[in-house]
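To find a chain, count down the sequence lines: A is the first, B the second, and so on, and within it residues start at 1. No hydrogens, no waters, no symmetry mates; every other heavy atom, side chains included, goes into these values.
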Amino acid sequence: MANPLTPAQAPQTSEKTKQPKPGKTARIHTVSQRIVEIVSDSGEGAQTAGQLFGSVCAKAGNGVWTVEIIPAEIEPPSRSRAGASGNRIRFSSQKTRNMGDKADVVVAFNDQVVYGRIDDEAMGPGTILIIDRKWRNHADENIRKAYIESLEDFEKRGYDVREVPIEAETLRFTENPQRGKNMWALGLLCALFSRDIEHARTQVRAKFKRKAKVKGRADAIIETNLKLLDSGYEFGLDFFDERYEIPAVPWKEPRVVMDGNAAIALGTVAAGIEVCSMYPITPATSATHYLAAMFHKAGGFIHQAEDEIAAIGFAIGASYAGKTPITITSGPGIALKTEFIGLAVMAEIPLVIVDVQRGGPATGLPTKVEQGDLLAALYGQPGDAPKVVMAASSIGECFHFVITARKIAESLRMPVIVLTDANLATGQSDFPLPQFDEDWLSPPIDQSPWEEGVSPYAWDPETGVSRRPIPGQPGGMHVLTGLAHDENSRVAYESKINQQGMRMRSRKVAAFASTLKPPKIYGDEEGDLLVVGWGATRGTIEEAVDRLRADDEKASAVHLRFLSPMEPGLKDIFSRFKKVITVEVNYSDDLDDPFINEENRRYGQLARLLRSQTLVDIDCWTRVPGKPLAPGLVEEALRKKLAVMKGEE
Amino acid sequence: MANPLTPAQAPQTSEKTKQPKPGKTARIHTVSQRIVEIVSDSGEGAQTAGQLFGSVCAKAGNGVWTVEIIPAEIEPPSRSRAGASGNRIRFSSQKTRNMGDKADVVVAFNDQVVYGRIDDEAMGPGTILIIDRKWRNHADENIRKAYIESLEDFEKRGYDVREVPIEAETLRFTENPQRGKNMWALGLLCALFSRDIEHARTQVRAKFKRKAKVKGRADAIIETNLKLLDSGYEFGLDFFDERYEIPAVPWKEPRVVMDGNAAIALGTVAAGIEVCSMYPITPATSATHYLAAMFHKAGGFIHQAEDEIAAIGFAIGASYAGKTPITITSGPGIALKTEFIGLAVMAEIPLVIVDVQRGGPATGLPTKVEQGDLLAALYGQPGDAPKVVMAASSIGECFHFVITARKIAESLRMPVIVLTDANLATGQSDFPLPQFDEDWLSPPIDQSPWEEGVSPYAWDPETGVSRRPIPGQPGGMHVLTGLAHDENSRVAYESKINQQGMRMRSRKVAAFASTLKPPKIYGDEEGDLLVVGWGATRGTIEEAVDRLRADDEKASAVHLRFLSPMEPGLKDIFSRFKKVITVEVNYSDDLDDPFINEENRRYGQLARLLRSQTLVDIDCWTRVPGKPLAPGLVEEALRKKLAVMKGEE
Amino acid sequence: MYGLKLDWMETPEAPYYTLEDYTGPEARWCPGCGDFAVLTAAQRLCRDEQLAPEKTVFVSGIGCSSRFPHYMKTYGFHGLHGRALPVACGIRARRPDLNIFVATGDGDCCSIGSAHWIHAVRYNMRMVVMMFDNNVYGLTKNQTSPTSPEGLRTYTHPRGAPIEGMDPLQVSLAVRGVSFIAQTVDFNPQHLLATLTAAYHHPGFAFVRILQRCPHYTPRAFAPLQENPSMMSLLVHPDGIDGGESMTRLFPNRIEHDPSDLRGARVIAEAEQGIPVGLLYKNDSVPRYDHASASGLSATREDRVKLLEQQLDWFRI
Amino acid sequence: MYGLKLDWMETPEAPYYTLEDYTGPEARWCPGCGDFAVLTAAQRLCRDEQLAPEKTVFVSGIGCSSRFPHYMKTYGFHGLHGRALPVACGIRARRPDLNIFVATGDGDCCSIGSAHWIHAVRYNMRMVVMMFDNNVYGLTKNQTSPTSPEGLRTYTHPRGAPIEGMDPLQVSLAVRGVSFIAQTVDFNPQHLLATLTAAYHHPGFAFVRILQRCPHYTPRAFAPLQENPSMMSLLVHPDGIDGGESMTRLFPNRIEHDPSDLRGARVIAEAEQGIPVGLLYKNDSVPRYDHASASGLSATREDRVKLLEQQLDWFRI
Ligand SMILES: Cc1ncc(C[n+]2csc(CCOP(=O)(O)OP(=O)(O)O)c2C)c(N)n1
Ligand SMILES: Cc1ncc(C[n+]2csc(CCOP(=O)(O)OP(=O)(O)O)c2C)c(N)n1
Ligand code: SF4
Ligand code: SF4
Ligand SMILES: [Mg+2]
Ligand SMILES: [Mg+2]
C-alpha cells in the first residue's frame, strides 16, 4: 500500500539540470519498451524504489504501467518466497496499458524473493537478474549455500545473472542498509535505462521531504538518499556494458500518473461529492486513505463506519438529505451492502458504490486481482433491483467514472456501481491531465419550495425518471419507504401499483441505455475472432489482439464499459465475426473438464450475460490466477482458439 | 398466520357419524370443483373457518388448494378494503394444484372486504356472494347507506347476492359474535357443499381443544362452537335452493394436508436435522413456529439469533461441529446472509438454506408472493460461488426437498438453497402421506479417528468431492478458512491452487448434474409452445396448458426443480417446440414497452438463465401482482402468444 | 402548550403550525397499542416547539413502531430492519439544520440493530431516539425480543424465553460518548411528552426508552406498572425531566437523582428500587461527531477546485 | 506446569500432550507483535490442561489476531470479519464436549462484530474469548478502531481519531448474562496465562480483553504501561486470578476487588485508579444458553421417528 501522505509524484520543479559524469563507454541501445521488476523482502523499500522509477520513466515521457508485488503478510519473514515485495514497471515509447509478459530486468535484494517471482511466472530465459552479492559472504553457512545454489539454478533457467554489491555500496552512506538499498538500486536502474538522474533526484527529494516532515529531520535524510541514488547511478554507468534508451511518447497533452485508488479519490473530489462513507477493506481502503489526507480541504467528510452495512446506511442517509455520497469497498463489503443496495433501488436513492474487486469467494485472495463480482453487482439483491453497473478499464477511467457515476445516480435516482479491481487499485499508469469542468460538480442542494401537486415519485411514464424532494424543501414532505409504494410514496399492496413501480425502476435503465452508443471496435469491423472484455483487462486484450493482427489473424476486440445496461449494438457487432469469446479474470469451466458440456458449462460472468442477451454462442477463456493476465497468456489462448477454428473449417 | 399450536388438521377419530336433519328439498348438483372464499375483517376468524373448511373438503376426499388472504396490518380498521382477511379454498374431484380463477362463492362478513376481493380480481359475474345482512340495520346511517350502495353495485357487477343473518344467528349462541360468526359460516358452507357435518364437528372439536387448553375452558368453548356450526348448517340446508356435491378423488394412498411452512418444519424433522437457526421474517417465520411447537420432542433446537447474519453463522458453526443445520428466511434475510453463503461455498460447509420468497426488492411486499430471488440465490455472492439451488413446486415438495437438500449438502459439502414462496408457505394442499424411510435421517456424527494421510480437502479430481473431518475426530485437525486454500486447508496465494480450488468447487455441481434426469414434459413431447416454469406456479401453468390442449393447441409444459445445476436435456427438449416461453412471478420488461427491444430487454429470471445456457430464444411472460397467478391469466397470455405465432406463420 | 405559545410575538410571515400540520394518514396500529400515545406526544412536541415540518425528519427501521414516520406529515425515512440509526446519522452528517427523530423497536434497536445502536451512542450525533420497547416482535407476530423477560411464551419460544432480557439502559450507559438516557412509559402522556421535549432540547444523542404496551402480544408486560405505579420510581431533580406537579403525583415513589451522576444512573438502571422513569443521565459537554462531520460545510466550490488542481498538479508528469 | 503434571497418574492409554502437539506452522506476525505471547500462552494452557487437540477448536474472525487458529495444531475456524462469535456459539450449541476458544480483534469484536459480541455475552455459552485489543486495525494496515484513543493518527484519520475510544469492559459488564470479564496484557506472560486458565475453567462465557502491542502501527499504545507499571492496577482477591507471587510483584499498584461485585467492577473499569489488570467480574451461576441448546442431545432416533409419525398423523386426512 502506498503511503497516502506521499503520493508518488512530486510537483514540477525548475531546478537546473546537472550533467551526470559520463561513465565508461557502453553501447546504448534504443528500444521501444522494457519491463523491470524490483523486489525485496517486505520493509526494504523496493516498492518505493519501484514507484519512483515508474515516476522517473513517466517524467521521461514514457508510457508506464506498474503492478505492485504485494506479500500476503504485513511483515513476512525475510528471505521468503511468499514475502516478495516490490514493483513491476513497464515503460515504453507508446501508450502502455498492461503489465506485459516476462520481465526484461529484475533487481532482487536476495535470491529467495526471486523464487517468488519465478512462481509468479514473471521471468524467462534472457531476463537480466541483478542481485545483491552480499549473500555470498553471509555469516550463516546455510544461507551462503542456498544463495550459491540459487544462482546456479538461475543460470540454468537462462537468466542473465549480474551480481552487484548492493548492500556493500549502501553501507558506505548509511548504517541501516534496509533503508538505503532501494535508493541505490534506483540509481542503478536510472543508469541502465539512461534516465535523467536529475528527474530522479527531484522525485527523491519530494518523496522524503514529505516523509521526513513527519519524522522531522528532512535534510539529513534527503541528503543521504540523494547520495545513495548518485552512487548507484555512477556504479551503473560504470558497470553496464550495454545500456538502453527508451524514447518518449510524443504526447500531445499534459499527463498525470497515479494509481487507480488515487484516481478514485480525486474523482470523488472532482465529482463534488461531500461524503465518503466506508469501512476498511483491502484493496479498496487506500482510496479512502488518499482522500483522508486531503478531503477536508474541499470540505469533504469521510465516515469510517462500524461495518459495511452502516457505511452504506450512512451514505444513504446523506443522500436522502441531499448529498450524494460515495461508498468504497470490495467483495465482502458488497456482500454486506446487498440489502441496502436493494433499498436504494426500491426507494430510488442516488448513490455511488465503488467495488474494488479482489479474489473471491468469501475472504478469498484479499490482495489479489479478480473480476468476480460482476454477477453479484447485477443480481445480488433478492427481488428485481435494476441499477447501473459500469467498469473502469484504466486508471484514467477510475477518475472519470466516479464523476459520471454521480451524475447518472442523480439523474436516474438510483445506485450506480463502479467496478474496478486490485490491479487498477495499486498499479500506476499515466493518463491525460483532466481538465476541470464546472459541470462535474453537483449543483448545490435545492431547498426551494417543492412544486405543488408534484408527487415525490412523479415518474415520467416514458422514462421512469422523477425528481426527488429533499428534506428542507417546504411542501416536499413524504415518507421514503422500502415497501412497495405508489407515486406518493404511500405503501401500497395493489397488484397494479407493484407492477408499475417495478416497470418504472426498470424503465430508467432502458431509457438510459438509449443514450449509449455502441462500443468501438478495436481492429477491423469484421473478421474471424472477436474478443470481448470488461474492466482492467482492456490493455492486455488489445495487446494480444495486436499481436494476432501482426500475424495477419483477423481478430478484433471490443471492451464494455457499461454492464447494466449494456451498450447497444452488440448483437450486430458479434454477427460480423465467426467466433466471439470473452476473456475474463473469473472462473469458468473448461469444455474438456469432466462432466462439462456446452449446456451445463458455467461460463465466465460476462459471457453468461452476453449469451443471454444476444443468444450468440459466445465462448469464454477465463483464468483466476490471482494476478493480472499477461498479454502473452491471452495471445496463446486466442491462438489456440483460432487454430481450432481453422482445423474445423 | 396459522397458530402453530393448532394445526388445521385434527387426528382421525372414529366417532359414529350422526345423520344431519334433512332440510328442505333442494336441487343437488354434482360438480367437479368449486372455489370458495370466506373473508372478514381481521380478527373475525374467517381464516380459521377457511382452514377448517379446507380440511373438511380434504377429509371428504377432495383435492384442495387454499390461499390465505392476508391484510397488511396486524389489526387493520374494520370494514376496510385493505383489511380483508380470510381464505380461498379450491376443492375438486381431482388433484388440485392451484388457486383457480374467479371464486364461485364468496362469504363476506361485510361489504367493504368484498371490495378487497374485487380489487384482487377474485370475483366475476355469477359469483355467489353470501353476505351478512346486519349492516342494513346498522346504527350508523353512513354505514347503512354504504352497505345498500355496495349491494347495488354488486348486483350491477353480476354477482348473485344472498343476504344472510350471519351475526343475528350467531348472537343466539354467544355474546361476542366476533368470535362466533366464523363457525356459523362454516356450517353454512358445509350445507351448501353437502359436506359431512360430522367431519366438520370433529375438526372444530380438535381445533378448540388445543386452543382452549391454553386458555383453560375447553368444554364450554367447544360446545358453543359446535352449536354455531350446527346452526349455520341447518340454516343452510333450509336456505339454499341449489346445493352442490363434489365427488371425492379416488386416491390410492393415504394423504395429508398442510401448508408449505408446516411441510418444511416436518421435512426438517424427517431429515434428521438437529439445529434450526433463524431470525424472524415474514413469510418464513411460521415454519419455525411449527417447529418450535414440537422440535424438542425429537431433541431438536431452534436458535433465534440476534440477526440473520448471526443465524447463518450459528448454523455454519453447528455444521462445522458435525450437525448439518437448516436456516429459514426470506429475501431480506438472504441478502444479509450473502457473505456467509460465500464462506460456506468456499470452505465447503454443508448447510440447508430455505428462502421463502416474498415480494421484493427491499422490504417490498412482505406477505405477498413473488419468485424474485432466483438470480440472487445463484449469483448473490461476490466471486464465484457455485451451489445447489432447488425450488419446490408443491407443498409435498416442501417436505421432501428439505430431506433431499440435507443429503445433497452433506454429500457435496456445500450449501443448498431451497426456494419456496409466500404462496406455498401459507397455502394448504394435500399430498400423499410420506412413508418414513431410515435413509432420510443423517447418520450419527462420526467421531472415529480420521484416516491418516487424508487431507481435509482431499478433492476427488474427477468430482471435486471430499470428506470432511469433524471436530472430535482425532487426527483430523485442520483450520477451516475462507481464504483461498490448498487441500490441507492451508492459506495459499499461488495461481494454480486458486484455480484448482475454484475448479473443484464448480466440479461438484457438474458431477451432481450428471446424476440428474431430464425433466418430464407435461403434454406432448413436441409441439408449438413449451411453457417453462419453476416453483409454485407449476399447477397453474399445467392447468393453463390443459385448457389450451383441450382446444387442440399444441402446448406442453416443463417444470424445473433444480435451478443450479439445471436438469439436463433442456436444449433438446426446447428444440422440439416452435416457441419456448417461461412464466414467472417476477419482473420482466414487455417487448412493447418504450425503449425495449429483444437485445436490451430485461427477461424473467429463469428466462435469463435458460437463454444463456441453451441459446434458445426463450420468451417470457411474467407478472408481479403480489399474488399467485390465476390459471386463466396465464391461459390468456399464452393464447395471445399462440395467436401471434399463427399470425406470423 | 395550552395557549402558552405567544402567537403575536412571531413575525407575521412565520406560519404557526397546528397539530394538523404534523398529522399524517390515520395510524394503523392495533386498538390500545401504546404507539398511538407516542405518536400524539411527538406531534405535540413538534407543535409546541413549532418545528417546521419540512425541516423535520422521522427515521425508522422495520416493525410496528417503525411505521411511525408514515403517520407524521413531516419528512420520513422508513428503511430497513435494524438500520434506522446509520441512516439517521448519515442524514445528520451534513445537515445541522434538520430536526431528526428516530423510531425504533426493541428488536430493531437491540437485536439486529445492536451494533449500530452501540456506535450511535458513541458518535453522539444530535437526534432524538425513541426506542419502543414492547418486549416482543410485534410486526412479525409474536417472537421473543432481546428485552423479553425470561419465560415469556412467544411463538419462537412456546415454552418460554430461555434467558433473561437485556437492559437497554444499562448497555447505553456503558458506552463512552453517552450523553442522554431517559426512560418513560406510553401510558403517562405528560411524562412522555416532557421526556421527548427534554430529549429534543439535548445537544447530542438523546436515547429514550419508552415502555410501550402491546395489547396484542404482551398485554401483561407493563400492565402491572399501570395497575400498581409503586412498581416504578420517578427520578426527580432540578436538572431532570419536569412533567409538572400533576404528573408527578401519579408516581408514589420518587428517587432524587442527579442526571450528571453516571455511576448513580447505572445503579438506578438496575431497578432494584423500582423501574426508573425519568432522566438517568445527561451530559451536554460530550463531544459530538456531527460537529466533525459538518466541519467542512462552509467550504466553497473554489476550495474544491483548488484542491483538485493542486492534487492533479502533484500527480502531473 | 514445570513438571507438576503427574504423568504416572494417568491411565497408560491416555497420551501426554506436549507443547509440540499444539504448535502449528510458524506464526507470521510482525516482529515484536503481542500476538506471539498470546499464542504461547494458549499453547501452554492447552498443554497444562492436557486438552485433547481433537477436542479443541479455535475460532476467529479476520484480522492479524484472527490468524491465530492457523498457528495452533488443533481444529480451527478462520471465518469472516466480525463473525467469530456466532460461529463459536453454533459450534458450542450441540457440542458440550469441545473446548472452544475465540480469537478476535478490537475491530472484529467491537466494531463490525459488536451486535454478536453483546448477544454472545447475553447467551453465556461456555467458551473463552480472547479479544486482542491493539487499538487499531492491523491487518488492513492502520485504520482507527473503536478502541483507538481520541487523537490517534491513522490512515483513515490522519488528523487524529475524532472521538474517544469505547471501553469493551464496561460495555460487556452492562449486558445481562455477563459472567466473566477479565483484562490482561500480552507483555506479562504469567498474568496472561493465569487469566486464560481462569477463563478456561469458567463455566460460561469468559471474555478476556488482552491489551496487545502492535509495534507496527500503535507502538506507543501500551508502551507507557510497560515502561511504567504503576499506570496499571492489579486486581487481587482470593477468588481472583492468581498469577503467583513473582508476577504480583511486577505490579506496584494493587486493588482489592471481589469479582462477584458487579458494581465495583463497573467502577474499576473506569480506570480512575489505573488500568485494571485481572478479574473484574465472575459469576458461576448465571444460566447458560448452551444448556438450553444441548438439552435435546439425548433424544434418540426413535424419538424423532415417533414425533414425525405423530405429526404426520395429525395432518392426515
Ligand atoms: C432483514 C430483515 N429481517 C427480518 C425482518 C422481519 N421483521 C420485521 S419487523 C421485525 C421485528 C419487529 O420487532 P420490534 O423491532 O420490536 O418492533 P415492533 O413490531 O415490536 O414495534 C422483524 C424481525 C425484516 N423486515 N428484515
Ligand atoms: C466484511 C469485511 N470487511 C472488512 C474486511 C477487512 N478487514 C480485515 S481485518 C479488518 C480489521 C482488523 O482489525 P482488528 O479486528 O482490530 O484485528 P487486528 O488486525 O488489529 O488484529 C478489516 C477491516 C473484511 N475482511 N471483511
Ligand atoms: S402488535 Fe402490538 S405493537 Fe404491533 S400494533 Fe399491535 S399492539 Fe401495537
Ligand atoms: S500489524 Fe500489528 S497486530 Fe498486526 S502482526 Fe503486525 S504488529 Fe501484530
Ligand atoms: Mg418490539
Ligand atoms: Mg486490532
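In plain terms, the two heavy atoms of C:Y123 and A:Q304 that are nearest each other are OH-O, 4.1 Å. The two atoms that bring C:I91 and A:G317 nearest to each other are CG1-O, 3.3 Å, heavy atoms only.
A salt bridge does not link C:R122 to A:E306: none of the charged side-chain nitrogens sits closer than 4.0 Å to a carboxylate oxygen.
Side chains of C:F77 and A:P471 form no contact here, defined as non-hydrogen atoms less than 4.5 Å apart. C:L308 is not listed as a side-chain neighbour of A:M294, based on a closest heavy-atom distance of 4.5 Å or more. Side-chain contact check for C:H119 versus A:D307: every heavy-atom pair is 4.5 Å or farther apart.
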Run C:W314 and A:M258 through side-chain contact (heavy atoms from CB on, under 4.5 Å) and show every step you take.
CA-CA 10 Å; C:W314 184 258; A:M258 65 183 77; over 6 Å; no
Going through the distances and angles, do C:K73 and A:V479 end up as a side-chain contact (heavy atoms from CB on, under 4.5 Å)?
CA-CA 8 Å; C:K73 223 195 249 168; A:V479 181; over 6 Å; no
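Remark: side-chain polar atoms of C:R304 are paired, donor with acceptor, to backbone N or O of A:I273 under 3.5 angstrom. Checked by atom type and distance alone, the side chain of C:R316 never pairs as donor or acceptor with a backbone atom of A:V256 at under 3.5 Å. Remark: the backbone N or O of C:V87 is not paired with any side-chain donor or acceptor of A:Y320 at under 3.5 angstrom.
Screening A:I316, A:I309, A:I312, A:L343 for a side chain to side chain contact (heavy atoms under 4.5 Å, CB included) involving C:R83 leaves a single residue, A:I309.
Proximity to chain A is absent for every atom of C:V59, based on heavy atoms less than 4.5 angstrom apart. Of the two parts of C:R95, only the side chain, counted from C-beta on, holds a non-hydrogen atom closer than 4.5 Å to a non-hydrogen atom of chain A. Proximity to chain A (any heavy atom under 4.5 Å) is shown, for C:S293, by both the backbone and the side chain.
Side-chain rings of C:Y289 and A:F301 approach one another, their centers coming within less than 6.0 Å.
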